[in-house]
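Contents: one structure, followed by commentary.
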Amino acid sequence: MTIDRPLSLIAELTYRCPLRCPYCSNPLNYGDRQYRQELSTDDWLRVIQQASDLGVLQLGLTGGEPLLRKDLELLVAAAAKAELYTTLITAATLLTPERAIQLRDAGLDHVQISIQDSRAAESDYIAGTPCFEQKLEAARLVKALGFPLTLNFVLHRQNLDRIDEILELCEVLKADRVELANTQYYGWAYRNRTVLLPTRQQLERADAAVALARERNICPMGILYVLPDYYEDYPKPCMGGWGNQALVVAPNGDVLPCQAASSIPELEFANVRNHSLDWIWFESPAFNRFRGTEWMPEPCQSCDRRQLDFGGCRCQALLLTNNAAATDPVCHLSPDHHLITTVTKQANQENLDSPLPLVYRSMQM
Ligand code: SF4
Ligand code: FES
């Protein structure tokens, strides 16, 4: 099998974060000692150079909150020198004018800011801390400094009814690009699935609102709308396929094929402290475990779509079936598809006015 070179490196610089979003993509055990032993500046500089040598073109600097790393400007400068296109993926509450100017001078290409809702109280409720006004301020700062700005909204049952307002806010803040990502239910989001899973009616209204905003061309670089896979007939090609396009480096240096892969107990992940990115990408057992199509069970093995969706998401398969090698239950051909339909049926019967309490991201869990 030919292995392509990766396009993107997602650098999770730290799992520390001032926010407590109940759908955080960081692992449930993000507070463990292993993750508090973060890579040093020198480690990251080496990783950035190795990524460039490996053929990576894009670097996403994320977390947790990447602005908590005091060496962020140094890492951006190294990435710019290595000709990587750099995106800061931030909650933006720590983005001061001084810091933003330093990052621009270091060569940062693009800023993505997450906002939780169109209204202050609702946004702060999901973030678990007051921060809405700071985010708007940061978005204006990013635009004033001439960065391309992406606004990212994670969509769910509690904010989908304000999709029109969310799109209006994107227009007011002059976002160049908008990412509307329906929640993916692993990790923290899985814990909050009952509170976050939308109804079909909410999604239909959102589809219409997004179509209208696209027609009106409200942002020059477009609107990315990530559909909720629980309501699809086929699964998403998670990460563009396992070990196919991207690698994720966790704060402790473990290299993962996706942000949730540490949840798969059968896999051992190599670490940049001991191995080169090149070896990890091409040779490491974890990256080869679900690469390509040979590992697939039926019905994927004989399905025409196997090169399109790669059998779906391994982390979701594990979470729902206890087997990371199973067909993603989102697929209507999966023998486990009832695990999805039972939940969506229930979501469409429940009363929206009486949501259960959220489980916020916290170290106590
Ligand atoms: Fe994709 Fe497998 Fe479903 Fe076919 S059976 S559509 S390959 S998940
Ligand atoms: Fe891990 Fe989909 S999130 S494979």
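The structure displayed is predicted, hence computed values, not measured ones. Numbering of residues begins at 1 and proceeds along the displayed sequence. Order of appearance sets the numbers: ligands from 1, and atoms from 1 within every ligand.
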Does a side-chain N-to-carboxylate-O contact under 4.0 Å join [X] and [Y]?
X	Y	value
Asp117	Arg119	no
Asp176	Lys143	yes
Asp328	Arg314	no
Glu179	Arg177	yes

Report whether any nitrogen, oxygen or sulfur of Cys258 sits less than 2.8 Å from atom 2 (Fe) of ligand 2 (N, O or S, backbone or side chain). no
For [X], counting its heavy atoms only, list the atoms of ligand 1 lying under 4.0 Å from any of them.
X	result
Gly311	8 (S)
Tyr234	6 (S)
Thr327	8 (S)
Arg306	7 (S)
Arg305	6 (S), 7 (S)
Pro235	8 (S)

Test your reading of the model: is there a side-chain donor-acceptor pair from [X] to the backbone of [Y], 3.5 Å cut-off?
X	Y	answer
Ser123	Ala120	no
Gln116	Ile126	no
Asn348	Arg200	yes
Tyr231	Leu203	no

How far is [atom] from the closest protein heavy atom, and which atom is that?
atom	result
atom 4 (Fe) of ligand 1	Cys303 SG, 2.3 Å
atom 4 (S) of ligand 2	Arg314 N, 3.4 Å
atom 3 (Fe) of ligand 1	Cys331 SG, 2.2 Å
atom 1 (Fe) of ligand 1	Asp309 OD2, 2.4 Å

Return yes when at least one N/O/S atom of Cys300 is nearer than 2.8 Å to atom 2 (Fe) of ligand 1, and no when none is.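 Under 2.8 Å: Cys300 contacts atom 2 (Fe) of ligand 1 through an N, O or S atom.
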Interfacing atoms of ligand 2 (cut-off 4.0 Å, heavy-atom, Cys238): 2 (Fe), 3 (S), 4 (S)
Please verify whether a non-hydrogen atom of Asp328 lies at under 4.0 Å from ligand 1.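 It does not; every heavy atom stays at 4.0 Å or beyond.
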Heavy-atom distances under 4.0 Å are what count here, so tell me which part of Cys313 touches ligand 2: side chain, backbone, both or neither. both
How about His110 and Phe147: are their ring centres within less than 6.0 Å of each other? no
For Tyr30 and Arg16, does a side-chain donor sit closer than 3.5 Å to a side-chain acceptor? no
Does ligand 1 have a heavy atom under 4.0 Å from the side chain of Ser334, from its backbone, from both, or from neither?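 Under 4.0 Å from ligand 1, Ser334 contributes no heavy atoms.
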